[in-house]
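For clarity, every value in this text was computed on a predicted model and none was experimentally measured. Numbers for residues simply follow the sequence, beginning at 1. Both counts, for ligands and for their atoms, begin at 1 and track the order of listing.
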Amino acid sequence: MENSNLLPTICIVGRPNVGKSSVFNCLLRQRRAVVVEQYGTTRDRVEAVIDISGINLKLVDTGGYIGSVEDKIHVQVKEQIYRAMEEASIIIFVTEVISGVSPFDKEVAVLLKKCGKPVIPVVNKVDNEKLKNDAYEFFQLGFGLCEAVSCLHRRGIAALKEHI
Ligand code: GDP
């Protein structure tokens, strides 16, 4: 197997419960990928090699375990983003349409803006056409039009792969 450390890396970031792990799994299921799970010292970290248009890429779900205390969540999400900013070639920034744009999403957006790496904004939980209109709200985060996806119904995943 190809050494995954040498592959371009895509990191998935976002606040808890937006569907980062779901996006990870959806991207994996489209093509059969080799899952190389790796556990960090402080938190779990899941990596896999995905093939997009014949190119192998390392996909990293940096979410890991997030505690329930608000302050702790902030610290851990920030840590996750800093790590992604360091190692990613592309960052997938996941939000979700049902809660709308949250102050937490805005904080993540500010951090991502600073790093200058390519960011693909993804709005998850766009389970139907009506919700698709609501997804335009996320334009305000400053990363252009978002890829509207529903991991639940596997909508928009092909377009997201195209974008990647
Ligand atoms: P993470 O904490 O950001 O990794 O989020 P998860 O992938 O664990 O998902 C959080 C919750 O959102 C779970 O209850 C999922 O079942 C739910 N979820 C994920 N994708 C979708 C979706 O496309 N539509 C809806 N309605 N729920 C979803």
Side-chain angles (χ1 to χ4, degrees), residues 9-31 33 35-50 52 57-85 87-88 90-112 115 117 119-139 141 143 145-164:
T9 299
I10 306 173
C11 288
I12 303 175
V13 304
R15 65 179 174 80
N17 287 319
V18 287
K20 294 180 298 298
S21 304
S22 305
V23 168
F24 180 91
N25 289 331
C26 265
L27 285 171
L28 279 194
R29 242 188 299 155
Q30 285 257 319
R31 307 266 168 104
V35 178
V36 280
E37 287 195 17
Q38 193 177 304
Y39 297 96
T41 46
T42 51
R43 286 178 300 136
D44 290 355
R45 167 196 170 92
V46 186
E47 297 184 0
V49 175
I50 56 165
I52 293 186
L57 302 164
K58 183 166 77 169
L59 186 65
V60 180
D61 180 4
T62 51
Y65 171 76
I66 302 262
S68 57
V69 181
E70 183 108 350
D71 280 356
K72 209 169 154 197
I73 293 176
H74 270 79
V75 169
Q76 288 182 333
V77 171
K78 274 188 183 166
E79 246 178 53
Q80 172 206 122
I81 290 163
Y82 289 132
R83 215 160 64 175
M85 283 174 1
E87 66 183 304
I90 300 172
I91 297 171
I92 295 182
F93 173 24
V94 184
T95 52
E96 59 98 344
V97 77
I98 293 168
S99 323
V101 176
S102 80
F104 208 159
D105 292 327
K106 288 182 184 170
E107 280 179 46
V108 174
V110 167
L111 289 174
L112 290 179
C115 83
K117 294 218 170 158
V119 172
I120 300 183
V122 170
V123 184
N124 186 32
K125 307 192 186 180
V126 184
D127 298 334
N128 56 53
E129 283 302 311
K130 192 211 156 283
L131 288 170
K132 213 168 179 178
N133 283 335
D134 297 347
Y136 289 112
E137 186 195 345
F138 289 82
F139 194 71
L141 293 175
F143 295 102
L145 275 184
C146 300
E147 293 294 340
V149 307
S150 166
C151 292
L152 191 66
H153 300 296
R154 302 193 60 76
R155 291 166 70 121
I157 302 300
L160 172 58
K161 289 191 88 172
E162 186 81 14
H163 195 153
I164 292 169

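- Checking only distances, Val126 never comes within under 3.5 Å of ligand 1, N or O to N or O.
- Listed by atom number, the atoms of ligand 1 under 4.0 Å from Ser21 heavy atoms are 4 (O), 7 (O).
- When each atom of ligand 1 is checked for a heavy atom of Leu152 under 4.0 Å away, the hits are 22 (C), 23 (O), 24 (N), 25 (C), 26 (N).
- A pairwise comparison of heavy atoms in Ser150 and Val126 identifies CB-O, 3.2 Å as the closest pair.
- The N/O atoms of Cys151, backbone and side chain alike, include one that comes under 3.5 Å of an N/O atom in ligand 1.
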**Asked** Stepwise, does the side-chain contact (heavy atoms from CB on, under 4.5 Å) test hold for Val13 with Val94?
**Response** CA-CA 6 Å; Val13 304; Val94 184; over 6 Å; no
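- Annotation for Lys117: atom NZ counts as buried by contact number, over 12 foreign heavy atoms lying within 6.0 Å.
- Against a heavy-atom cut-off of under 4.0 Å, Lys20 is close to the following atoms of ligand 1: 1 (P), 2 (O), 3 (O), 4 (O), 5 (O), 7 (O).
- Salt-bridge annotation for Glu129 and Arg155: present, with a side-chain N of the basic residue lying under 4.0 Å from a carboxylate O of the acidic one.
- With a heavy-atom cut-off of 4.0 Å, Asn124 touches ligand 1 through its side chain alone.
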**Asked** Checking side-chain contact (heavy atoms from CB on, under 4.5 Å) for the pair Leu59/Val49: CA distance, chi angles, key distance, verdict?
**Response** CA-CA 6 Å; Leu59 186 65; Val49 175; over 6 Å; no
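- Counting all heavy atoms, side chain and backbone alike, Cys115 lies closest to Ile91 at SG-CD1, 4.0 Å.
- Residue Ser22 has at least one heavy-atom neighbour below 4.0 Å for each of these atoms of ligand 1: 6 (P), 7 (O), 9 (O), 19 (C), 20 (N).
- Atoms of ligand 1 found under 4.0 Å from any heavy atom of Ser150, numbered from 1 in the order shown, are 23 (O).
- Considering backbone and side-chain atoms alike, Val18 places an N or O below 3.5 Å from some N or O of ligand 1.
- With a heavy-atom cut-off of 4.0 Å, Asp127 touches ligand 1 through its side chain alone.
- Looking at Arg15 and Glu107, no side-chain N of the basic residue comes within less than 4.0 Å of a carboxylate O on the acidic one, giving no salt bridge.
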